[in-house]
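Data block below; observations after.
Sequence positions, counted from 1, serve as the residue numbers for this chain.
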Amino acid sequence: MKKTLFYLLTVWIILWMQIASNHYLGGTLFAVQWVFLAVLHFGLVRGPWVGESTGFIWGLLLDAAALGFLGLHSILFSLAGYSTGMFRRQLDFSKLWTQTILSWVATMAYYTAYYLITRLVSSADEPLRWAILTVPVVNAIVAPVFFSVLEFWGQLWGQMPQERDR
């Protein structure tokens, strides 16, 4: 029950952080993808299954609120969570540079895939936005601090990573 409550509260809090961030910073170049960073964290710390599951749930909730292609966030977030979970044995997650570079690369891959899929599916001509270049940098800067906050949050609930490779 404690584990279920931990995940429900985490999903709810981070989803509201994303909503507030989109409301206040969504139109600027300084938007942060809190949900995407949380999916990366859960994939790295708790494994590919948890990363994929949380990515799917958060993606589905974001897709339900968006007016775009239904299921696109679910697919991309699930893929990101699963991929980072599979790479966790090759990466030293405790280093800040690893967290920064992984967040930047994953966000660039996410935006590239999102842009290509929406261009392929949608008939509307949407211009390329500067956020494709600035949001990955902002995510990379914020990621180490956010990952440590999520780690502390998990320790408060007694939720240690499922598998320690180190």
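- The side-chain heavy atoms of His41 and Glu151, taken from C-beta on, include a pair separated by under 4.5 Å.
- Not counting sequence neighbours, the partners of Tyr82 by the side chain to side chain contact (heavy atoms under 4.5 Å, CB included) test are Pro48, Glu52, Met86.
- Asp63 places no side-chain N or O within donor-acceptor distance of the main-chain N or O of Leu70, the cut-off being under 3.5 Å.
- Here the straight-line distance linking atom CG of Leu9 with atom CH2 of Trp157 works out to 5.0 Å at 0.5 Å rounding.
- Nearest heavy-atom pair, Ser103 versus Ala143, reported as atom, atom and distance to 0.1 Å: OG-CB, 3.0 Å.
- Checked by atom type and distance alone, the side chain of Asn139 pairs as donor or acceptor with a backbone atom of Gln33 at under 3.5 Å.
- Residues Phe36 and Trp58 form no side-chain contact, since every pair of their non-hydrogen atoms from C-beta on lies 4.5 Å or further apart.
- Taken from CD in Gln99 to CG in Leu37, the straight-line distance is 10.5 Å, to the nearest 0.5 Å.
- For the side chain to side chain contact (heavy atoms under 4.5 Å, CB included) test, residues two or more places apart in sequence or in another chain that qualify with Thr84 are Leu40, Leu44, Leu102.
- Panel note: side chain Thr107, backbone Pro136; no donor-acceptor pair is recorded below 3.5 Å.
- Here the closest heavy-atom approach between residue Gln159 and residue Lys3 is recorded as OE1-CG, 3.4 Å.
- In terms of hydrophobic clustering, with Ile, Leu, Val, Met, Phe, Trp and Tyr side chains grouped at heavy-atom distances under 4.5 Å, Leu8 and Met17 are assigned to different clusters.
- The 12-atom threshold is exceeded at CZ of Phe6, counting heavy atoms of other residues, nucleotides or ligands nearer than 6.0 Å.
- Remark: side-chain polar atoms of Thr98 are paired, donor with acceptor, to backbone N or O of Asp92 under 3.5 angstrom.
- Every side chain to side chain contact (heavy atoms under 4.5 Å, CB included) that Thr112 has, sequence neighbours left out, goes to Leu116.
- Thr100 contributes atom OG1, which lies 8.5 Å from atom CZ of Phe147 (distance to the nearest 0.5 angstrom).
- Formation of a donor-acceptor pair under 3.5 Å by the Ser83 side chain with backbone atoms of Ala80 is not found in this model.
- Linking Ile, Leu, Val, Met, Phe, Trp and Tyr residues whenever their side-chain heavy atoms come within less than 4.5 Å places Val50 and Ile13 in a single cluster.
- Side-chain atoms of Ile117 and Ile75, non-hydrogen and from C-beta on, never get closer than 4.5 Å to each other.
- Linking ILVMFWY residues whenever their side-chain heavy atoms come closer than 4.5 Å, directly or via other members, leaves Val145 and Val32 in distinct clusters.
- With sequence neighbours excluded, the residues that form a side chain to side chain contact (heavy atoms under 4.5 Å, CB included) with Leu61 are Val11, Leu15, Ile57.
- A single hydrophobic cluster is seen to contain both Leu76 and Val39, as judged by linkage of ILVMFWY side chains at heavy-atom distances under 4.5 Å, directly or through other members.
- Evaluation of the ring-ring contact (aromatic ring centres under 6.0 Å, His included) rule for Phe146 yields Trp34 as partners, not counting sequence neighbours.
- When hydrophobic residues (I, L, V, M, F, W, Y) are linked wherever their side-chain heavy atoms come within less than 4.5 Å, the members clustered with Ile101 are Trp104, Val105, Met108, Val137, Ile141.
- Leu79 and Trp49 are not part of a single hydrophobic cluster, where members link through side-chain heavy atoms under 4.5 Å apart.
- Atom CZ of Phe77 and atom CG of Leu62 lie 5.5 Å apart (nearest 0.5 Å).
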